[in-house]
Amino acid sequence: MVKLPLPDDQILYSLRMRASREQSHISGAERLIYSDRLHEEMENLLNRAIGHSIGNADEVHFTIEAIKGDILYCDSLPVSTIVTTDTKNSSEKARELLSLIGIPEASIRRAFDDISEGASPDGGNMRGAMLIDIDSGNRIEPDPFRGIRVSRIDFEEAAERNLESEMIRICVRGSRVKEALALATKVILAGTIAELCWSDNPDYTTGYVASKKYGYVRFPKLKQEGDRKGGRAFFLRKSEIGIENYISFLQKRAVLITKLSPGFKPSSLREFLESYEN
Ligand code: AMP
């Protein structure tokens, strides 16, 4: 991790957007943006909030804060895609990968069950992620309705440009990967053992498992089309992590991705594991 100086005369801002309808979460975004692109990026996020496929928001909140503390600079996780046949097969392969990473069966089951049933105690989606202690299999996030929202993470402009050509090279389409990859990179940098995610957007069915060892591994069709349930689970060892510092790092520390780690072209889980070991 290298520390670079800020470009001349530029302030780095944390830009956060949260959109809801009838108090139910619709969409959100977390960006780190230099002053010269702040207006443009706010407009993009506003368009996203009021034109979301779940429906138009009736409340949109923007928070803009200048970053004052140190910024951490890092490389992204590598992106790979596992070719699967259907939702059942995707789910089996994602569980298999989590198991190889060392996540116990009870914790894997807890994450899949809770996300697919609605991870908030009211049966809805959470705004943030659940934390699962892999030694007990219990959820330990302080607020199970809200979860932990990761913030202050983004790509530097040059890395963002490279991301587009890297996505073409590894046959990945769509803009969603960009934000999720940034988030997962910070989540793993924080000391999380693995992350499981699928979107709450009914049209977006690809989910992923992220880890230090295997990077950001996508599983198409991880949920059925039309399903509005989605969420994130961060697997960790409570006994090995200072939970307050961990949460504070995820929420507050500014992390900018300066370089992309090269990923792999779509393949079966077996082929992916073989190429990873070589
Ligand atoms: P999305 O991929 O944006 O559809 O988000 C899927 C789920 O991940 C949401 O329902 C939230 O539970 C969770 N989530 C979204 N954004 C964040 C974030 N910044 N930090 C932690 N969890 C998030």
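For ligands, and for the atoms within them, numbers begin at 1 and follow the listed sequence.
Looking at ligand 1, you'll find an N or O of Met126 within less than 3.5 Å of one of its N or O atoms. Inclusion of Val150 in the set of residues having an N or O under 3.5 Å from an N or O of ligand 1 is warranted. Ligand 1 has a nitrogen or oxygen under 3.5 angstrom from a nitrogen or oxygen of Gly128. The shortest N/O to N/O separation between Asn201 and ligand 1 does not fall below 3.5 Å. Polar contact with ligand 1: absent for Asn125 (N/O pair, distance under 3.5 Å).
In this structure, a donor-acceptor pair under 3.5 Å is present between the side chains of Ser136 and Asp133. For Arg16 and Ser14, the side-chain atoms include at least one donor-acceptor pair closer than 3.5 Å. Between the side chains of Glu30 and Ser151, at least one donor-acceptor pair of N or O atoms lies under 3.5 Å. Under 3.5 Å, the side chains of Arg152 and Tyr13 contain no donor-acceptor pair of N or O atoms.
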Item to complete: Please test Ile243 against Leu131 for side chain to side chain contact (heavy atoms under 4.5 Å, CB included), starting from the C-alpha separation and ending with a verdict.
Response: CA-CA 10 Å; Ile243 197 77; Leu131 307 183; 4.1 Å; yes
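In terms of protein heavy atoms, atom 1 (P) of ligand 1 is closest to Ser199 OG, 3.8 Å. The closest protein non-hydrogen atom to atom 17 (C) of ligand 1 is Arg149 NH1, 3.5 Å. The closest protein non-hydrogen atom to atom 9 (C) of ligand 1 is Asp200 OD2, 3.3 Å.
Ser116 places a side-chain N or O within donor-acceptor distance of the main-chain N or O of Phe112, the cut-off being under 3.5 Å. For Glu166 (side chain) and Gly263 (main-chain N/O), a donor-acceptor pair under 3.5 Å exists by modelled atom type. The backbone N or O of Ser248 sits nowhere less than 3.5 Å from a side-chain atom of Gln251 that would complete a donor-acceptor pair.
Not a single heavy atom of Tyr204 sits closer than 4.0 Å to an atom of ligand 1. In this structure, Ile148 counts as a contact residue of ligand 1, since one of its heavy atoms falls inside 4.0 Å of the ligand. Residue contact annotation: Gly231 has a non-hydrogen atom under 4.0 Å from ligand 1.
For atom 18 (C) of ligand 1, the nearest non-hydrogen atom from the set Val187, Leu183, Thr206 comes from Leu183. When the heavy atoms of Arg232, Arg146, Met130, Arg16 are ranked by distance to atom 2 (O) of ligand 1, first place goes to Arg232.
Heavy atoms of Glu179 found under 4.0 angstrom from ligand 1: none, in either backbone or side chain.
With ligand atoms numbered from 1 in the order given, ligand 1 contributes 6 (C) to contacts under 4.0 Å with heavy atoms of Trp198.
Ring-plane geometry between Phe264 and Phe272 is classed as perpendicular, the angle between the planes exceeding 60 degrees on a 0 to 90 degree scale with a lower cut at 30.
Residues Glu41 and Arg31 share a closest heavy-atom pair of OE2-NH1, 2.7 Å.
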